[in-house]
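Read the numbers this way: they start at 1 and go in the same order the structure lists the ligands and their atoms. If you're wondering where the values come from, they're calculated on a predicted model, not measured in any experiment.
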Amino acid sequence: MMNKTSQSKKPARPQTVDIIIKFGGSAITDKTCFETLRPAQLAAAVDCVRLCVENGLSCIVVHGAGSFGHHQARKFQINTGFVTTHTKEERQNKILGYSLTRQSVTKLDQLVINRLIEGGVPAIQCSPGSSWELDKRQPVKWPKELVAGFLLQGLVPVFHGDCCLDAALGCCILSGDTVIKSLCGFFDVKRVVFLTDVDGIYDKPPDQPGAKLMKTISVGHDGSLKHAISTSQSKNDVTGGIMLKLSTAVDIVVQTKGSCVVHVCSVESPAASRVCLESGQHKSGDFTTVYLENHEVNGTASPNSILNDEVLPNGINTE
Ligand SMILES: Nc1ncnc2c1ncn2[C@@H]1O[C@H](COP(=O)(O)OP(=O)(O)OP(=O)(O)O)[C@@H](O)[C@H]1O
Ligand SMILES: C=C(C)CCOP(=O)(O)O
């Protein structure tokens with residue numbers, strides 16, 4: 001059933017994936033309330049995937065945990081692993097928390113997969129918690145060939161942030177953002193779209209006065225950024241919030257030498273489907289594009305507006 005590419009551990013030419021779409025936990029759930037879905041936002045995210053599939057794009061979905069999982073993970077401190085448990089009771093408590101966290105994230109996963117299938121997307125569950133091996137919170141082994149096989153059959157693999165076993169810590173939390181980085185390290189991914197609850201990356205938390213949407217973020221070959229960006233995260237978030245997203249985006253464009261472009265866009269924005277469907281970079285729109293400086297994307301030189309690396313809400317250029 002598997003072809004030559006999917007059988008080999010390290011194929012000479014990695015299999016192409018047109019797009020990875022991340023359903024942000026902030027976008028599809030209400031992070032301030034326990035296990036609360038935002039159905040309209042989930043429907044909008046599903047619509048983006050449906051459009052991609054209808055247009056023949058190979059697609060992977062990754063979703064965050066949002067208000068499913070983060071509460072339990074925080075309460076039972078799953079991310080510190082078993083090394084911080086000293087008594088039998090502490091260990092039993094942590095194991096119960098591990099079980100409850102997985103139960104919660106897989107509950108959300110089931111809702112997401114049901115909606116995708118109802119929307120006509122041939123979604124296939126790929127929960128990291130049941131197959132990924134981690135060491136010091138970094139993925140060391142995951143079933144790459146199986147995922148490659150699913151994609152070759154036209155299925156849409158669905159991953160999510162999860163709790164996983166960890167060689168060093170016993171257990172830990174694996175963010176959907178880290179999953180995306182691993183996928184980009186194995187497949188030839190053309191673009192990653194983070195659908196979230198804000199228009200993109202701002203120069204400071206968007207609820208702070210004067211915060212400006214960064215329409216483009218140019219990344220140096222050493223991973224450096226031209227502009228300072230400050231962030232905040234919700235008190236229930238155990239995986240680093242938007243900061244992890246930004247560092248994941250930077251790592252992806254550097255690690256793929258610029259062949260993969262990353263966009264951060266509101267799930268509710270009319271631009272979301274366009275960002276998902278169109279290849280290359282986008283000159284305008286209320287979203288963020290993260291790209292490698294001076295890089296040619298899909299054979300076309302980056303547009304000047306991007307090379308100028310503007311920071312502009314309301315047309316203000318801070319350069
Ligand atoms: N500089 C910033 N730019 C953009 N958003 C920011 C910034 N600082 C803080 N935020 C907050 O980050 C939140 C989005 O990040 P978050 O990590 O929750 O995204 P997500 O991908 O939806 O979540 P998850 O990791 O659960 O999937 C927004 O609600 C926003 O208010
Ligand atoms: C809290 C858990 C279990 C997963 C976190 O994943 P993320 O929301 O993608 O960061």
Side-chain angles (χ1 to χ4, degrees), residues 20-32 34-36 38 41-42 45 61-79 97-109 112 127-129 132 134 137 158-164 166 171-182 192-208 210-215 217 225 227-249 262-268 286-288 290 311 313:
I20 295 178
I21 303 181
K22 164 94 191 273
F23 294 6
S26 298
I28 62 167
T29 76
D30 181 346
K31 268 188 171 173
T32 62
F34 184 70
E35 296 191 347
T36 305
R38 298 174 82 203
Q41 289 76 3
L42 175 57
V61 171
V62 179
H63 66 82
S67 61
F68 295 74
H70 279 280
H71 288 90
Q72 294 88 341
R74 185 182 162 82
K75 180 175 172 195
F76 293 93
Q77 297 182 19
I78 304 302
N79 213 12
Y98 188 87
S99 171
L100 290 171
T101 307
R102 273 227 86 211
Q103 182 200 33
S104 185
V105 290
T106 51
K107 206 186 286 178
L108 175 63
D109 188 50
V112 171
S127 266
W132 287 46
L134 275 68
R137 303 193 182 94
V158 179
F159 295 86
H160 58 89
D162 210 345
C163 41
C164 293
D166 185 291
C171 68
C172 70
I173 297 296
L174 172 67
S175 170
D177 297 346
T178 308
V179 169
I180 293 175
K181 207 172 124 183
S182 297
V192 175
V193 178
F194 288 95
L195 296 175
T196 186
D197 66 331
V198 287
D199 279 334
I201 309 276
Y202 289 74
D203 59 348
K204 55 184 171 183
D207 54 356
Q208 287 188 13
K212 298 182 181 76
L213 177 67
M214 304 188 72
K215 293 209 171 188
I217 297 177
L225 300 181
H227 298 278
I229 298 172
S230 67
T231 62
S232 63
Q233 79 186 65
S234 125
K235 69 173 170 53
N236 288 320
D237 198 311
V238 293
T239 45
I242 196 86
M243 200 39 160
L244 178 63
K245 221 156 306 308
L246 182 59
S247 71
T248 302
V262 178
H263 303 285
V264 184
C265 181
S266 165
V267 71
E268 295 177 279
D286 285 333
F287 51 83
T288 301
V290 185
V311 179

Are T248 and T178 close enough that some pair of their side-chain heavy atoms sits under 4.5 Å apart? no
So, R102 and D162, do they make that salt bridge, N to O below 4.0 Å? yes
Under 30°, 30 to 60°, or over 60°: which ring-plane class applies to W132 and F159, parallel, tilted or perpendicular? perpendicular
Contact table ligand 2 N or O to protein N or O, d under 3.5 Å:
unit_1   : atom_1 : unit_2 : atom_2 : d
ligand 2 : 8 (O)  : A65    : N      : 2.9
ligand 2 : 8 (O)  : H70    : NE2    : 2.9
ligand 2 : 9 (O)  : S175   : OG     : 3.4
ligand 2 : 9 (O)  : G176   : N      : 2.8
ligand 2 : 10 (O) : S175   : OG     : 2.9
ligand 2 : 10 (O) : T239   : OG1    : 2.5

Output all residues satisfying side chain to side chain contact (heavy atoms under 4.5 Å, CB included) with S230, sequence neighbours left out; order by chain, then residue number. K204, P205
Pairing of K31 and D197 as salt bridge, 4.0 angstrom limit: no
Does the side chain of R74 pick up a donor-acceptor pair with the side chain of N79 at under 3.5 Å? no
How about S127 and D109: do any of their side-chain heavy atoms sit closer than 4.5 Å? yes
When you check ligand 1 against the protein, what N or O pairs turn up below 3.5 Å? List the atom names and distances, or just say none.
unit_1   : atom_1 : unit_2 : atom_2 : d
ligand 1 : 1 (N)  : Y202   : O      : 3.0
ligand 1 : 1 (N)  : S230   : O      : 3.0
ligand 1 : 3 (N)  : Y202   : N      : 3.0
ligand 1 : 8 (N)  : S232   : N      : 3.2
ligand 1 : 17 (O) : I242   : N      : 3.3
ligand 1 : 18 (O) : S26    : OG     : 2.4
ligand 1 : 18 (O) : K31    : NZ     : 2.8
ligand 1 : 21 (O) : K245   : NZ     : 2.9
ligand 1 : 22 (O) : G25    : N      : 3.2
ligand 1 : 22 (O) : S26    : N      : 2.8
ligand 1 : 22 (O) : S26    : OG     : 3.2
ligand 1 : 22 (O) : T196   : OG1    : 3.4
ligand 1 : 23 (O) : G25    : N      : 3.4
ligand 1 : 23 (O) : K31    : NZ     : 3.3
ligand 1 : 26 (O) : K31    : NZ     : 3.1
ligand 1 : 27 (O) : K22    : NZ     : 2.9
ligand 1 : 27 (O) : G25    : N      : 2.6
ligand 1 : 29 (O) : D197   : OD1    : 2.9
ligand 1 : 29 (O) : D197   : OD2    : 2.8

Please determine whether a side-chain nitrogen of the Lys or Arg among K245 and D177 lies less than 4.0 Å from a carboxylate oxygen of the Asp or Glu. yes
My understanding is that only residues two or more places apart in sequence, or in another chain, count here; which of them pass side chain to side chain donor-acceptor pair (under 3.5 Å) with Q208? none
